[in-house]
Amino acid sequence: MNGVVVLGTGMHPWGKWGRPFLEYGVAAARAALRDAGIAWTDVQYVVGADTIRNGYPGFVAGASYAQALGWTGSRIASCYAACASGAQALDIARTRILAGLCDVALVVGADSTPKGFFKPVGGDRPDDPDWLRFRLLGASNPAYFGLYARRRMAVYGTTPADFAAVKVKNARAGSLNPMARYRKPVTAEEVLASPMVADPLRLMDICATSDGGAAVVLASESYARRVGARDLVRLAAVSTVTPTFPNTVLELPNFATDSCAAVPAPERPFRAAIADAAYEEAGVGPEDLSLAEVYDLSTALELDWMEDIGLCPSGEAEKLLREGETALGGRMPVNPSGGLASFGEAIPAQAIAQLCELTLQLRGRAGPRQVPNARAALAANQGLFGHGSAILTTT
Amino acid sequence: MTYAIEGWFAVDADGVFLLGTKCAACGTVCFPPRNGFCPNPRCEGEEMEVTRLPRRGRVWSYTNACYPPPAPFVAAQPYVPVTLAAIELDGAGIVVLGQVAGLTVDQLEVGMELELTSGPLADGPLVWMWRRAS
């Protein structure tokens, strides 16, 4: 079978550098090309994951990167899917390779973010739920994270100490990652003493907004063999599913759930469906994973995701956490990169950065974060308004 | 009194009501109200009737905004944390988010009964809010 493989990965360190997003994207792209051992002029297809907070060049990111790297006449695409933009960009490139329309593609995402809470983009728009939720309710992103966290506490008895333990675990992993923005280990006491932001979540429970960039070179397996690549990591699945009606979880930026009065709720809620589609496509199950990267917008959400991707039954994520199973050195490390807790959100780069970590781990090149004998890994993520995102890689 | 948004809630002698829509074909209820066609993918319905949603429900979850939310929210001066609750409306199979009037997070619990009211945003117009059930 001529599948799609990751030929190279590259990142620009996450931080709050205050420079144009293109700089981060180009740096990441050049690093990925070096890692892949190919020249920019060899790339046949470029996909840019868009950023919506950086003016017009951000909306046409594919062309912006292609121009910055030097026009070569390659074909391009630009796409936006909120936090799932990276997965969407990967899926476009992967599909084109699988269709036989190209052999090698470059996928790039980068962001430069303003300070503080994300605000709605682009003027007064009273017909846009993303504008209205701020106007009518003052419901920032952390407000939704707070709702999920409180719900979890009520249903499963999770405690603030559990949330703090997630941060401690991820900060420790992040301290070993040269690309992470936050590289200082933290204690549970520090987390629990940080200011409350959206009860029950404190400042250190919630991910920051960051600058950063990530890129990967994808290729057909035959191309990879032709250029003599070793340690091939297969991109076995990319899941971009939407919710199934009625979606009974209150999602950002909505005011309400769908109603399940006339049509019963689907057997599998949205987040679980995202991972399930990736497992089905790859023919791999959660029991086959060596590690997972999940979208820890908050510490509490990491626990939800662990259950959604099938690492344990509902309500048992705390048990795995408390037993150290999800830490580096545990049976199933979760967010060995340090996760968003150590990186912060750089929206279009995030899913691509997740693939970078999966690839490093499966190639055995993750240094002090290395998960021994990593063979299969899943990254899960979710974009605003119902964009699912999961990536499954195998050796 | 000005409403912060037209057509999403009504205030009259009977109290405050959220205005949803109900599909004439399959009965699916929506909030906010919608025009055109039914969100149920297996329904061809195009007739959405405005309907008053149940005024009471139980807390699905709650939180607050300890720091002033960004514009276009207008924060009161001095700022008092906004309390938010997501309420499972009785019998409607739907959870609706709203500000909470007169209760802090310390006074809320998941499962607690709240009812609809309305209250002003800091710059004047009214929005729907939840309050302790009478």
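These numbers come from a predicted model, not from an experiment.
- Between the side chain of B:N64 and the backbone N or O of A:A198 there is no donor-acceptor pair closer than 3.5 Å.
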May I have the step-by-step check of side chain to side chain contact (heavy atoms under 4.5 Å, CB included) for A:L147 and B:L97, ending in yes or no?
CA-CA 10 Å; A:L147 291 170; B:L97 189 58; 3.7 Å; yes

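- B:A92 touches chain A through its backbone: at least one of N, CA, C or O sits under 4.5 Å from a heavy atom, while the side chain does not.
- Most heavy-atom pairs under 4.5 Å with chain A, from the set B:S61, B:P32, B:G20: that is B:S61.
- Residue contact with chain A, scored on non-hydrogen atoms closer than 4.5 Å, involves the side chain of B:V127 exclusively.
- Counting heavy-atom pairs under 4.5 Å between each of B:V95, B:V96, B:V110, B:V29 and chain A puts B:V95 at the top.
- By the 4.5 Å heavy-atom criterion applied to side chains, B:W8 and A:L132 are counted as neighbours.
- Taking both residues in full, the closest heavy atoms of A:L136 and B:I5 are given as CD1-CG2, 3.9 Å, listed atom of the first, atom of the second, then distance.
- At a heavy-atom cut-off of under 4.5 Å, chain B is reached by A:F245, A:L250, A:N254, A:F255, A:A256 from residues 245-256 of chain A, listed in order of number.
- Heavy atoms closer than 4.5 Å to chain B are found nowhere in A:F145, neither backbone nor side chain.
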Side-chain atoms of residues 66-85 of chain B: list all donor-acceptor pairs with protein atoms under 3.5 Å, sequence neighbours left out, distances to 0.1 Å.
from: B:Y79; atom 1: OH; to: B:A65; atom 2: O; distance (Å): 2.5
from: B:Y79; atom 1: OH; to: B:Y67; atom 2: O; distance (Å): 3.4
from: B:Y79; atom 1: OH; to: B:V82; atom 2: N; distance (Å): 3.3
from: B:T83; atom 1: OG1; to: B:L103; atom 2: O; distance (Å): 3.1

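- Top candidate by heavy-atom pairs under 4.5 Å with chain B, chosen from A:A154, A:A149, A:C260, is A:C260.
- Side-chain contact between A:R150 and B:T63: absent, with no pair of heavy atoms (C-beta onward) separated by less than 4.5 Å.
- Heavy-atom distances place no part of A:L201 under 4.5 Å from chain B, backbone and side chain included.
- Atom CZ of A:R53 has more than 12 neighbouring heavy atoms from other residues, nucleotides or ligands inside a 6.0 Å radius.
- The greatest number of non-hydrogen atom pairs below 4.5 Å with chain B, out of A:G138, A:P129, A:A261, is found for A:G138.
- Heavy atoms only, all atoms of each residue included: A:A262 and B:C26 are closest at CB-O, 3.2 Å.
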Which side-chain N or O atoms in residues 42-50 of chain B pair as donor and acceptor under 3.5 Å with protein atoms at least two apart or in another chain?
none

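- The two atoms that bring B:D123 and A:R135 nearest to each other are OD2-NH2, 2.9 Å, heavy atoms only.
- Applying the ring pair (Phe, Tyr, Trp, His ring centres under 6.0 Å) test to residues at least two apart or on different chains, none of the pairs has a partner in residues 37-66 of chain B.
- Of the two parts of B:V105, only the side chain, counted from C-beta on, holds a non-hydrogen atom closer than 4.5 Å to a non-hydrogen atom of chain A.
- More than 12 heavy atoms of other residues, nucleotides or ligands sit less than 6.0 Å from atom CG of B:D12.
- When the shell of 6.0 Å around CD of A:E280 is examined, it contains 12 or fewer heavy atoms from other residues, nucleotides or ligands.
- Other residues, nucleotides and ligands place more than 12 heavy atoms under 6.0 Å from the CD atom of B:Q107.
- For A:A139, the parts lying under 4.5 angstrom from a heavy atom of chain B are both the backbone and the side chain.
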